Number of protein chains: 2
Amino acid sequence: MAPAAVNEATAAVSPAGGAPSEGGAHAPVTDQIRDAIVRGEYAPNQRLIEADLSAAFSASRATVRTALLELAGEGLVERLPNKGSRVRAISVDEAIEILEVRIGVEGLCAAKVAEHLTDEQAAEFARLRDDMAASVEEGDLVEYSRLNRALDVRVRELSHHATASDVLARLHAQSVRHQFRLSSRPARAKVSVLEHTAIIDAILARDPEAAERAVRAHLLSVIEALREVTAREAV
Amino acid sequence: MAPAAVNEATAAVSPAGGAPSEGGAHAPVTDQIRDAIVRGEYAPNQRLIEADLSAAFSASRATVRTALLELAGEGLVERLPNKGSRVRAISVDEAIEILEVRIGVEGLCAAKVAEHLTDEQAAEFARLRDDMAASVEEGDLVEYSRLNRALDVRVRELSHHATASDVLARLHAQSVRHQFRLSSRPARAKVSVLEHTAIIDAILARDPEAAERAVRAHLLSVIEALREVTAREAV
DNA sequence: AGCCGCGATATTGTCTACAATCTTAGAACC
DNA sequence: GGTTCTAAGATTGTAGACAATATCGCGGCT
């Protein structure tokens, strides 16, 4: 019953296990394809052929087409006119670019949060900070990575800055693949947790400028780490 | 022969003169619609009905649909599921948000430019700076506004930062309408030109941090001006 | 008179078929 | 043997028709 691996011609590997999804009944093809991409079931640069996707998700080609258009808008797929769509590959250089942009935008968000922090929110951040420290202490990198994302998301939400959130969401979606690269390094986590603590502390102190600086310091450190890792891999 | 004003129900006004374009032969419907929007021929919040657009541009509804999807990706139109598309209206608050985000991203670009400035580029910027000053001196606000845009574009290009350029292009497209609001005020130009001079001087000095600060100062000033103008209009 | 449900209309979402375009393989030719 | 033209195949782009959904006005009920 295995529903057709989607075009293996260009890509080195095909989607991992079975099809990206099957039980899904009748509508959110966009979400299904997006999930498949961010989960890595479609490799970077893999061609996404409308007919194949149509078959795989049992939707019409028109539906798949709109989905691809939307995903292109999110920067997840690349559309070559008359040549088709493929999973957009983010090079390390681009990943660094994304981090550089994030410095400004996440800095802004953190500053906004620090400015308008309520007491409940403060308590929440304090808890988050302690949980992060604990998870690193125990060496639970998966949990730490989860808390990490939670912090990002929460900062974005509480900034109440729709434009910034939007930009960040888009950038984040594109770089999931590289994020993963660092999060699995215990040594990296030890440094990272300190930086995150600094960010949270600055927010708790309701000091916007300090928060911005802390975010910048953190992201610069991530950039550095990414450079190192890839330099080592290149050997 | 007047090719159907596109749905006037929701919008207070209909497209200005005739149709947004007619001679256009056979393909770039997306560009035509985008132009119509940024040129203000379709009012903010105006509904964009696929059938009407299809007739107006003599293209199939499928084509129009693709165009709308793309424009939605650029943030120019809003798509309400099952309810249709309309020209996205940018409120003053959103315009300010956009400017806030631009602080970080344009600051980054300016810094990059300052870092890698060649001598020819330096000469170009110096010329641009002098032209700007001259145009303000002569009270030629149209020319000043043009040079203004030219500066922005050039900084983006020379930053060689694809991600930042992308983000800025998107944000810029959305806020053209508000930009216009300030550019027609002589008093504003007098202040603005000083700030732009500061930016260029920092770039010429090849001082990234100074460039970033100058950009920030400028955009903060724009935000302030925008607040003032709208406060005055609200009276 | 006011509120609720029902039917007509307008508009988008989906599907199938066809046309245009690009890619690839093969044969003819130099 | 290599190169170029040609034709077949694969894939996207466009078109028109149908189905699903929302919007709005009318009539009935309380």
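It should be emphasised that the depicted structure is a prediction, and the values quoted were computed from it without experimental measurement. Chain identifiers are assigned alphabetically (A, B, ...) following the order of the sequence lines, protein sequences preceding nucleic acid strands; residue numbering begins at 1 within each chain. Keep in mind that the numbers below use all heavy atoms, side chains included, and drop hydrogens, waters and symmetry copies.
- Note on the helix from C:dA1-D:dT30 to C:dC30-D:dG1: angle between the axes of the first and last five pairs equals 10°, rounded to 10 degrees.
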Salt bridge (Lys or Arg N to Asp or Glu O under 4.0 Å) between A:Glu124 and A:Arg127, worked out = CA-CA 5 Å; A:Glu124 184 188 340; A:Arg127 208 175 320 125; over 6 Å; no
request  = List the steps, then state whether salt bridge (Lys or Arg N to Asp or Glu O under 4.0 Å) holds for A:Arg61 with A:Glu50.
outcome  = CA-CA 6 Å; A:Arg61 229 195 65 187; A:Glu50 300 179 359; 3.0 Å; yes
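- Ionic pairing of B:Glu100 and A:Lys112 is present here: one or more N-O contacts between side-chain nitrogen and carboxylate oxygen are shorter than 4.0 angstrom.
- Salt bridge B:Arg102/B:Asp152: present, at least one basic N to carboxylate O contact under 4.0 Å.
- At whole-Å resolution of the value, CG in A:Leu80 and C1' in D:dT11 are 13 Å apart.
- In this structure, A:Ala95 and A:Ile90 approach most closely via the heavy-atom pair N-CG2, 3.8 Å.
- Rounded to whole Å, atom C1' of C:dA10 lies 11 Å from atom CG of B:Asp52.
- Taking the six-membered ring wherever Trp is involved, the centroid distance between the rings of B:His196 and B:His218 falls below 6.0 Å.
- Look at CG on B:Leu69: it is 12 Å from C1' on C:dT12, rounded to the nearest Å.
- With A:Glu97 contributing its side chain and B:Thr163 its backbone, the two residues share a donor-acceptor pair below 3.5 Å.
- Atom C1' of nucleotide C:dT16 and atom CD of A:Glu50 are separated by 14 Å, given to the nearest angstrom.
- Atoms CD (B:Glu78) and C1' (C:dT12) sit 16 Å apart, rounded to a whole Å.
- The distance between atom CZ of A:Arg86 and atom P of D:dT12, rounded to the nearest whole Å, is 13 Å.
- Listed pair A:Arg65 / D:dT12 fails the phosphate criterion, with no side-chain N or O lying under 4.0 Å from OP1 or OP2.
- Between the side chain of A:Glu224 and the main chain of A:Ser221, no donor-acceptor pair closer than 3.5 Å is present.
- Residues A:Glu233 and A:Glu228 fail the side-chain proximity criterion, which asks for heavy atoms closer than 4.5 Å.
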What protein N or O atoms touch nucleotides 22-25 of chain D N or O atoms at under 3.5 angstrom, if any, and at what distances?
from	atom 1	to	atom 2	distance (Å)
D:dT23	OP1	B:Lys83	NZ	2.7

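- The separation between A:Arg79 atom CZ and D:dT11 atom C1' is 12 Å, rounded to whole Å.
- Other residues, nucleotides and ligands contribute only 12 or fewer heavy atoms inside 6.0 Å of the CZ atom of A:Arg216.
- Following rounding to the nearest Å, B:Leu53 (CG) and C:dA10 (P) show an atom-to-atom distance of 18 Å.
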Pairwise N/O distances under 3.5 Å, protein to nucleotides 15-17 of chain D:
from	atom 1	to	atom 2	distance (Å)
D:dA15	OP2	B:Ser60	N	2.6
D:dA15	OP2	B:Ser60	OG	3.3
D:dA15	OP2	B:Thr63	OG1	3.1

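- When all heavy atoms are compared, the tightest approach of B:Cys109 to B:Leu168 is SG-CD1, 4.0 Å.
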